[in-house]
There are 2 protein chains.
Amino acid sequence: MALSHTILAVLSRESLSGYDISKRFEESVSCYWQASQQQIYRELGKMESQGWVTHETVLQAGKPDKKIYSITDVGHGELARWFVEPTEPTPIREDLLVKVLAAPFVSIDSLRQELQRRRQLHLEKLIDYQAMAAAYQAMPHPPKTERFRYLTLRRGLRYEQDWIDWCDEVLDFLKQDSPE
Amino acid sequence: MALSHTILAVLSRESLSGYDISKRFEESVSCYWQASQQQIYRELGKMESQGWVTHETVLQAGKPDKKIYSITDVGHGELARWFVEPTEPTPIREDLLVKVLAAPFVSIDSLRQELQRRRQLHLEKLIDYQAMAAAYQAMPHPPKTERFRYLTLRRGLRYEQDWIDWCDEVLDFLKQDSPE
DNA sequence: TTGACATACTCAACAATTTGAGTATACCTT
DNA sequence: AAGGTATACTCAAATTGTTGAGTATGTCAA
């Protein structure tokens, strides 16, 4: 149940509505944790029933009401409890690698196309992340929370770069590999 | 439902029992697709009802009977159909990065320990993969299927190395970062 | 003025994954 | 003789994740 802990981490910095948490996920957490709005709303409901968060309804003019969620002491305790548990590397499930394995039985040409498509996707993400990194580096005295957020962004940057490099390696291999 | 396609890819090379498929996953597919025995058995049942695979029961002396599964023409057609569909990068969910984000609110010292633990885990996997790569490189004329399997291993190698490099980067950052 | 987009949340159904127990045999070590 | 490990598979429950519909209001551009 690490989704709830990710939400706790986000709420540790500031109180937010479900909708805002969802946006925060898209903007800055998405390189290592993705969750849909529905998941977040449902999780917040569960977390509230466990006493990890509370909410206050805020009426807005011209917009629907919103529920601003805040972390409680119980929630902070839970975050601290979870924090010291060892984490295992996340299991990976990569369709593209399954295709590499299947390619000799299906089509190497299709694989080549797919690799080029994927390389492009990863390049686009990399460029996004580079822009975020540049924004961080332009800050004269980034606060502690930003410095740690930057470390997670570094992981994202490396990850995308690594995919690009591997795609290039495989495309290069496919050029040289003799059919048999 | 890409688990079924991974199984189809494995069965394209050779017919195997559920148990053997599970072992194959652990040995050579695990760097990009993990599945438990239960998942594989259940998936094989579904795949058989769709006509993608068939099985033959093999009686064994001193061991339980086993069901050897083979890919059918329908199964191969399905693999080919799936193969040309574009794949999206897999959503990532990394507990460790959530911990980096939460660290300023919890404990930077615990984070440091956890990073060292994780670095070690990734290093062990890297060493495993390097041994597999060496075994491949020792083959004088690797068959096509092996050459493609090696490409997936290259992804695993890069992935583990990248984690190690990032852990080092963060540990280095934590040494220099001044508290505030 | 129509349609796209943004805010803000709820509910339901379905699919996938995880966890754990259960059944059975045989080999090998202590 | 007991315990650990390996082979080989089944069933069920709980949790998690995905998909899509539904409700409501406001802004902005074509």
Side-chain angles (χ1 to χ4, degrees), chain A residues 1-7 15-27 29-30 32-50 52-69 82 85 87-95 98, chain B residues 1-7 15-27 29-30 32-50 53-69 82 87-95 98:
Chain A
M1 274 230 294
L3 173 55
S4 55
H5 297 99
T6 313
I7 294 174
S15 297
L16 293 166
S17 68
Y19 189 84
D20 287 330
I21 293 170
S22 175
K23 282 212 300 186
R24 208 51 64 95
F25 265 69
E26 273 166 47
E27 283 160 22
V29 179
S30 71
Y32 54 93
W33 205 281
Q34 275 132 300
S36 64
Q37 263 192 15
Q38 284 78 353
Q39 262 179 287
I40 290 167
Y41 284 127
R42 191 175 40 175
E43 203 66 29
L44 281 168
K46 276 193 220 167
M47 289 164 75
E48 183 150 44
S49 71
Q50 286 170 295
W52 297 1
V53 296
T54 44
H55 83 267
E56 225 186 309
T57 302
V58 174
L59 305 171
Q60 295 185 112
K63 282 183 201 170
D65 300 350
K66 61 178 170 182
K67 295 182 182 176
I68 300 287
Y69 286 89
W82 168 81
E85 277 186 352
T87 56
E88 292 311 302
T90 308
I92 308 161
R93 300 214 155 104
E94 274 297 346
D95 290 29
V98 177
Chain B
M1 277 229 294
L3 173 56
S4 55
H5 297 99
T6 312
I7 294 174
S15 297
L16 293 166
S17 68
Y19 189 85
D20 287 330
I21 293 170
S22 175
K23 281 213 299 187
R24 208 51 62 97
F25 266 68
E26 273 166 47
E27 281 160 23
V29 179
S30 70
Y32 54 93
W33 204 282
Q34 275 132 298
S36 63
Q37 263 192 14
Q38 285 78 354
Q39 265 179 286
I40 290 167
Y41 285 127
R42 192 175 37 177
E43 203 67 29
L44 282 168
K46 277 193 220 165
M47 289 165 75
E48 183 149 44
S49 71
Q50 284 170 298
V53 296
T54 44
H55 83 267
E56 226 186 308
T57 303
V58 175
L59 304 170
Q60 295 184 112
K63 284 182 200 173
D65 300 350
K66 60 179 170 180
K67 296 181 182 176
I68 300 287
Y69 286 89
W82 167 79
T87 55
E88 292 310 304
T90 309
I92 309 160
R93 301 212 154 103
E94 274 296 345
D95 289 31
V98 177

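Predicted model, so just to flag it, every value in this text is computed and none were measured. What you see below is based on every heavy atom in this structure, not just the backbone, and it leaves out hydrogens, waters and symmetry mates.
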Exercise. Considering the terminal five base pairs at each end of the helix from C:dT1-D:dA30 to C:dT30-D:dA1, what angle separates the two local helix axes, rounded to 10°?
Worked result: 30°
Exercise. NZ of B:K66 versus P of D:dA6: gap in Å, rounded?
Worked result: 16 Å
Exercise. A:D20 has a side chain; which of C:dA8, D:dT18, C:dT7 sits nearest to it?
Worked result: C:dA8
For this session: Hey, which sits more toward the 5' end of DNA chain D by its nearest nucleotide, B:I68 or B:P91?
Result: B:I68
Seminar exercise, completed: Interatomic distance, OH@B:Y32 vs CZ@A:R93, rounded to 0.5 Å, equals 13.0 Å
For this session: Not counting sequence neighbours, which residues clear side chain to side chain donor-acceptor pair (under 3.5 Å) with A:S15? List them please.
Result: A:S70
Exercise. What is the distance, rounded to the nearest whole Å, between atom CG of B:L3 and atom P of C:dA15?
Worked result: 16 Å
Problem set entry | Which residues share a ring-ring contact (aromatic ring centres under 6.0 Å, His included) with A:Y69, sequence neighbours left out | A:H55
For this session: Starting at atom OH of A:Y41, determine the distance to atom C1' of D:dA21, rounded to an integer number of angstrom.
Result: 15 Å
Problem set entry | A:A2 versus B:D95, closest heavy-atom pair with distance | CB-OD1, 3.7 Å
Exercise. Which of the following nucleotides, D:dT18, C:dA16, D:dC9, is nearest to the side chain of B:K46?
Worked result: C:dA16
For this session: Grab the CD-P distance between B:Q34 and C:dA16 for me, whole Å please.
Result: 19 Å
Problem set entry | Selection from D:dC9, D:dT18, D:dT7 that lies nearest to any side-chain heavy atom of A:Q39 | D:dT18
Exercise. When the distance from CD of B:E26 to P of D:dA6 is rounded to whole Å, what number comes out?
Worked result: 10 Å
Seminar exercise, completed: From CD of B:Q37 across to P of D:dC11 the rounded distance in Å is 15 Å
Exercise. Mapping A:R42 and A:K67 to their closest nucleotides on DNA chain C, which lands nearer the 5' end?
Worked result: A:K67
For this session: Among D:dC9, C:dT10, C:dT17, find the nucleotide with the atom closest to the side chain of A:Q38.
Result: C:dT10
For this session: Please list, chain by chain and in numerical order, all residues satisfying salt bridge (charged side-chain N to carboxylate O under 4.0 Å, His left out) with B:E26, sequence neighbours excluded.
Result: none
For this session: With sequence neighbours left out, write down each residue that passes salt bridge (charged side-chain N to carboxylate O under 4.0 Å, His left out) with A:E56, or none if nothing qualifies.
Result: none
For this session: Output yes when at least one side-chain N/O atom of A:K23 is less than 4.0 Å from OP1 or OP2 of C:dT7, else no.
Result: yes
For this session: Check side chain to side chain donor-acceptor pair (under 3.5 Å) between A:T87 and all other residues, then give those that pass, not counting sequence neighbours.
Result: B:E114, B:R118
Problem set entry | Atom-to-atom span, CD1 of B:I40 to C1' of C:dT17 - whole angstrom | 13 Å
Exercise. Out of D:dT10, D:dA6, C:dT18, which nucleotide sits closest to the side chain of B:Y19?
Worked result: D:dA6
For this session: Can you figure out which of C:dT19, D:dT18, C:dC9 approaches the side chain of A:S36 most closely?
Result: D:dT18
Exercise. Could you state the CD-C1' distance from B:Q50 to C:dA15, rounded to the nearest angstrom?
Worked result: 13 Å
